[in-house]
Structure formats: structure tokens, C-alpha cells
Amino acid sequence: MKTKLTQMLGIEYPILCGGMYGLSDAKLVSSISNAGGLGFIASGHMTDTEMLRKEIKRTRTLTDKPFGVNISLLKESKNDLSRNFIDVVIEEKIPVVETAGNDPSELIGRLKSGGVKVLHKVVTARHAIKAVEAGADAIILVGYSAGGHPGMEEVCLFVNLPETIASVKVPVIAAGGIATGKGMASVMMMGADGVLMGSAFAVTEESLFHRKIKERIVDSRSTDTAVVFKTIRNAFRCLKNDLTKEILEKERQQATPEELLKYLKGFDAKKSYLEGDIENIFIPIGQVIGLINDIPTCKVLIDRIVSEYNEIVT
Ligand SMILES: Cc1cc2nc3c(=O)[nH]c(=O)nc-3n(C[C@H](O)[C@H](O)[C@H](O)COP(=O)(O)O)c2cc1C
């Protein structure tokens, strides 16, 4: 299964796992890379550079395959920390970074001069063009059904993927709504160079989501997610639960940004995911939960996707 992406990254299959806040740790990332895909360590919850360095070293004890780091670019002062993370990535000779969030133009140059490949995650062709002009090596194009932050544009992958592929000359990786070989085959037919999944890997044995959360997701349908925080232009797709119902109600009542941001303050993703209280925490997940019917290991998931893909395309 050779594509420009597998060649660029030196991996067996063009199947990536996007960085997932609180979940993408050494165990999950190394399992994905060992199975022939590529995982990104999430840095969004990290408060200092040593946390990142430690996780990179821990991952190296579990795999000798390539893996990357996800760096979220925010508007606020947190960007200073992102810059420091970039120094760690370069010092540790990480081959590839997934950037997400704001305009990466300023940081791409630094990463590239440090020998790091940059895959920038966007939700529109317009942002893809801008990132490529700034030097991104590949684009991760996310459709609106994705878990986490699917953007404000509400365009589904079936439309924004071909639009983006026609707009840029670098490899485009499809994300948002993929969990099966059929899904992968369809986006590859449209011209994608690979796929990136989050939700499907969040429901593997190696993910630190509590078993009760994974079982709830397996029992859910594609209609069981909710997008909160649209009124503060920070769309966030999570599993529907008491918390998302309460927030949507507040948004209907035109709650102020301060009232809404209170819900995010102090949210400790990792702690909440381990405790397994399903109703009162944010559980970022995509509409693709309608296609997730079991809790495989990362290897079983990747092997299954590859064999289903091969059955269709060969
Ligand atoms: C639990 C969870 C946490 C996520 N956290 C992040 C994050 O910290 N940074 C980021 O860039 N994307 C994050 N995402 C988005 C994923 O990296 C990926 O783009 C998305 O899950 C792809 O769509 P899918 O969920 O339909 O597979 C998260 C997704 C999930 C499900």
C-alpha cells in the first residue's frame, strides 16, 4: 500500500491517528506505529516541555517505528509553549508534526529548518492553500463529522476533500468520519493519499478511555453526538450526555462567553476519562461512532481496515 504519504513518512500503511487530548500517550501512539500506521503524541494538555520530552522517550521504549507529535496552535499566550514544544521536537529528532488550530505560517519555517515534516490540519481548501504556501508538506483535511473540533464551516468530507485535493499539490490526508476499509477506499478513490482517524482509535483496547465510556460509544449511533460551543466560535463535537444538553440549553438562552468558558475551566481530560463518569464530562467523539461496533486492539483495527480496503480495490 504505497502512497506519497507512506514514502514521505517511511510507514507501511497510510493510516494515521490524529493527536487526541488526554488520550494520545506513549501506549496508544506506539501501538499504532507498531501496527504499521503512525500515531501523534498529544501535547495540548501538557504544561511544560519536560512532559513532552518524557512522553517521547517513553514512546521510544515501546516502538522503533516512526511516530509524531501533535501541536495545537492557539491565539493566546499558549503559543509560547507551542514554540518551546517545537524546540523539543527538533532536539528529539521527531520526524513529523501534526499542527492544528491557528495559522501555522510562522512555525512551519522553524520546524522545516529543523528537518521536521509538517502535516497541517484544516477544515477548508482556503486554509489548505495558505498552509501549503507557508511550506506545509501535507494537508490533513477534516470533514464536519469529526470528533473534537470540526471547525465552524459545517462542510462534510465528501465535498471539502475533493475541493481541497483540486486546490493543492501536496498530499492530502482525509479525516473525519473514517473507521473502516470501505471509508478508506472511498476517500482514496477521491484522490486522498491516506487517512487520519481519531474516534476509531479512541475506542481501542490501548486507549485510556474507561471501559464504560468505550462500551457506551459502541452502543451509540451516528446521531448520538452534539456540537457545543458554536456560539463562541469553538465548535466541539462530543458524545451527547447531560453536560452537552446543559450547555446547548445555555447557548439557546444566549449565555455569555464567560458563562460558557466556565465549563472548560479545570476540565482534566485524562482524570475524567479514567474515572468513567459518562454524563458529566466532555467525551470528544465523531459521528463515525455509528460505525464503531467493538473494542479491538490497534493492530486488529488497522489489519481489518487494510484487508477490507484490499478486498475492494484489488
Ligand atoms: C478524544 C479526542 C480528542 C481529540 N483531541 C485533539 C487534540 O488535542 N488536538 C487535535 O488537533 N485534534 C484532536 N482531536 C481530533 C483528532 O485528532 C482527529 O482530527 C479527528 O478525531 C478525526 O475525525 P474522527 O473522529 O471522525 O476520526 C481529538 C479527537 C478525539 C476523538
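In listed order, ligands and their atoms are each counted from 1.
Judged as a ring-ring contact (aromatic ring centres under 6.0 Å, His included), and not counting sequence neighbours, the contacts of Phe236 are His149, Phe282.
Checked for salt-bridge contact, Glu249 and Arg252 meet the test: a charged N lies under 4.0 Å from a carboxylate O. The pair Glu106-Arg83 meets the salt-bridge criterion, since a charged nitrogen lies less than 4.0 angstrom from a carboxylate oxygen. Note on Glu50 versus Arg53: salt bridge recorded, some NZ/NE/NH1/NH2 to OD/OE distance being below 4.0 Å.
At a heavy-atom cutoff of 4.0 Å, ligand 1 is contacted by no atom of Ala202, backbone or side chain. At a 4.0 Å heavy-atom cut-off, ligand 1 does not touch Ala42 at all.
Close N/O approach between Gly198 and ligand 1 is found [any backbone or side-chain N/O within under 3.5 Å]. At a 3.5 angstrom cut-off on N or O pairs, Ser199 counts as close to ligand 1. Below 3.5 Å of separation, one finds no N or O of Tyr273 facing any N or O of ligand 1.
Listed by atom number, the atoms of ligand 1 under 4.0 Å from Gly18 heavy atoms are 17 (O). Against a heavy-atom cut-off of under 4.0 Å, Lys121 is close to the following atoms of ligand 1: 10 (C), 11 (O), 12 (N), 15 (C), 16 (C), 17 (O), 18 (C), 19 (O). Per-residue contacts place Met197 under 4.0 angstrom from the following atoms of ligand 1 (heavy atoms of the residue considered): 27 (O).
In this comparison of Ser43, Pro150, Gly143, Gly177, the heavy atom closest to atom 26 (O) of ligand 1 sits on Gly177. Here the shortest heavy-atom distance to atom 15 (C) of ligand 1, taken over Ser207, Gly147, Gly183, belongs to Gly147.
No side-chain N or O of Thr124 forms a donor-acceptor pair with one of Glu153 less than 3.5 Å apart.
Put simply, no part of Gly44 is less than 4.0 Å from ligand 1, judged by heavy atoms.
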Determine all donor-acceptor pairs shorter than 3.5 Å in which one atom belongs to a side chain in residues 181-193; sequence neighbours excluded.
{"unit_1": "Ser186", "atom_1": "OG", "unit_2": "Lys182", "atom_2": "O", "d": "3.4"}
{"unit_1": "Ser186", "atom_1": "OG", "unit_2": "Gly183", "atom_2": "O", "d": "2.8"}

